[in-house]
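A quick write-up on the structure given underneath.
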Number of protein chains: 2
Amino acid sequence: MTTLGHVLLGLLARAPASGYDLAQKLKGPVDFFWQARHSQIYPELARLEQDGYVVVQHVPQTERPDKKIYRITDAGTTVLKAWVIAPVEVPVVRDELVLKAYCLWLAHPAAAIELFRAHAHHHTELLARYQRNQGWLLEQWATEGRRIDSPWFGSIASIQRGIGYEQEYAAWCRWMIEQLEQAISD
Amino acid sequence: MTTLGHVLLGLLARAPASGYDLAQKLKGPVDFFWQARHSQIYPELARLEQDGYVVVQHVPQTERPDKKIYRITDAGTTVLKAWVIAPVEVPVVRDELVLKAYCLWLAHPAAAIELFRAHAHHHTELLARYQRNQGWLLEQWATEGRRIDSPWFGSIASIQRGIGYEQEYAAWCRWMIEQLEQAISD
DNA sequence: AGAGCCATGTAACCGGTTACATGATTAG
DNA sequence: CTAATCATGTAACCGGTTACATGGCTCT
């Protein structure tokens, strides 16, 4: 089982969905830290079906192309539950911007400053989006009595990480800009 | 030109090195956010040589296997300098632990807590290592009058990001543990 | 008239990991 | 005697991206 397989099971454990639906959710960095294209999702769903972790329901449509709705099975839920508490390796981080910072002594500070301003802006925007989302999620969770076995808790946990991540990244960019501005003014 | 190519040029811009030396530096998450295996480094160095961005010096050794010392050329420095200030895409984040947090509503809190304790420990350790490294780097930088065109600045900039990253990750793990402990005690 | 959404797939490519291959020296 | 370090390479595999392929409906 690949990680993407677990991603799809994790989403289907919350609600049945089509490959298209899943592809929409995995388009951007929304809700949690994973992304995938439809070209990877469709074959993976076929594999999950072959393994018996999901079942398909063909839904003919007239005005739109036909759909295939996927549902998680008991077997799928079992493997997902086992996987959740199994140990994981820490992911390897590869960040080209940090690498550029490492080589920044070779560049004109004035030219480099633009680069970090753009990224500071991007991460600040994402942060704001996550924070808005968090507010809404907390409300939803409250209506269910803040139970840890509620899917809302999972969403909040992952968005919490996103907020911390973007906050820290934006702060680092601003720190870099400060350093570069100081170097220019000296 | 691949990103790994720029990584290698970035390292060779500081000091000549062999493929083995570079592989040692790129083994773990030291100094900055990149990793690579020797099986990827050796072919990449050959490509850089073909493109004229580095030159090789064969160093025969008697007690040890022969070496190939790589040096960056003027052409190599030129492309590296241009690359440093060129725009970059934000990297896609894929973190299996965050994904597990997203699915945590399916698990027993007591079993999940172990998982986050292990990761909290790991990130705290890495943080300490980065902080020790930072202290030493700041000293070195001070001896050069804290110039922004000093390689030490590059190292400090990237370690700064590492410190922020690990700090935030460890804090998130502790927050997760808190939530799970609260759920158990309730 | 053209862009964008709905909906599902396949195929080529590319970066990175794992494993295969060799062989001398040194430390436990 | 075994494991680790030095030193350089190749080959198979795998996950993810880009591009190819189709086709009707809706909004501007």
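Bear in mind that the values here come from a model prediction, so they are computed numbers and not experimental data. Chain letters run A, B, ... following the sequence lines, proteins first, then strands; residues in each count from 1.
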### Enclosure of E89(B) CD (heavy-atom neighbours >12, cutoff 6.0 Å)
no
### Message
Can you classify the ring geometry of Y165(A) versus H123(A) as parallel (below 30°), tilted (30 to 60°) or perpendicular (above 60°)?
### Response
perpendicular
### Query
Which angle, rounded to 10°, do you find between the first-five-pair axis and the last-five-pair axis of the helix from dA1(C)-dT28(D) to dG28(C)-dC1(D)?
40°
Side-chain contact, heavy-atom cut-off 4.5 Å: [X] with [Y]?
X: H119(A); Y: V90(B); answer: yes
X: P29(A); Y: V93(B); answer: no
X: L26(A); Y: R37(A); answer: no
X: F33(A); Y: E96(B); answer: no
X: I85(B); Y: L115(A); answer: no
X: P151(A); Y: R14(A); answer: yes

## Note on the structure
Apart from Y42(B) itself, members of its ILVMFWY cluster (side-chain separation under 4.5 Å) are Y20(B)
Name each donor-acceptor pair under 3.5 Å that joins a side chain in residues 167-180 of chain B to protein atoms two or more places apart or in another chain, with its distance.
residue	atom	partner	partner atom	Å
E168(B)	OE1	R161(A)	NH1	2.2
Y169(B)	OH	D95(B)	OD1	3.2
Y169(B)	OH	D95(B)	OD2	2.6
W172(B)	NE1	A157(A)	O	3.0

### Task
Take D21(A) and S39(B), find for each the nucleotide of DNA chain C with the closest heavy atom, and name the residue whose nucleotide sits nearer the 5' end.
D21(A)
### Query
Does R147(B) pair with E144(B) as a salt bridge, N-O distance under 4.0 Å?
no
### Task
Between P43(B) and Q24(B), name the one whose nearest nucleotide on DNA chain D is closer to the 5' end.
Q24(B)
### Message
Both A36(A) and I69(B) contact DNA chain D. Taking the nearest nucleotide for each, which residue is further toward the 5' end?
### Response
I69(B)
### Query
Any luck finding a side-chain donor-acceptor pair between R94(B) and Q35(A) under 3.5 Å?
no
### Task
Check every nucleotide of DNA chain D for an atom under 4.0 Å from a heavy-atom of chain B, then give the first and the last such nucleotide from 5' to 3'.
dT5(D) to dT17(D)
### Strand-adjacent residues in residues 7-20 of chain A, judged by heavy atoms under 4.0 Å from DNA chain C
S18(A), G19(A), Y20(A)
### Summary
Within residues 52-66 of chain A, those residues having any heavy atom closer than 4.0 Å to DNA chain C are Q61(A), R64(A), P65(A), D66(A)
#### Entry: Rounded distance (nearest 0.5 Å) linking atom CH2 of W141(B) with atom OG of S155(B)
11.0 Å
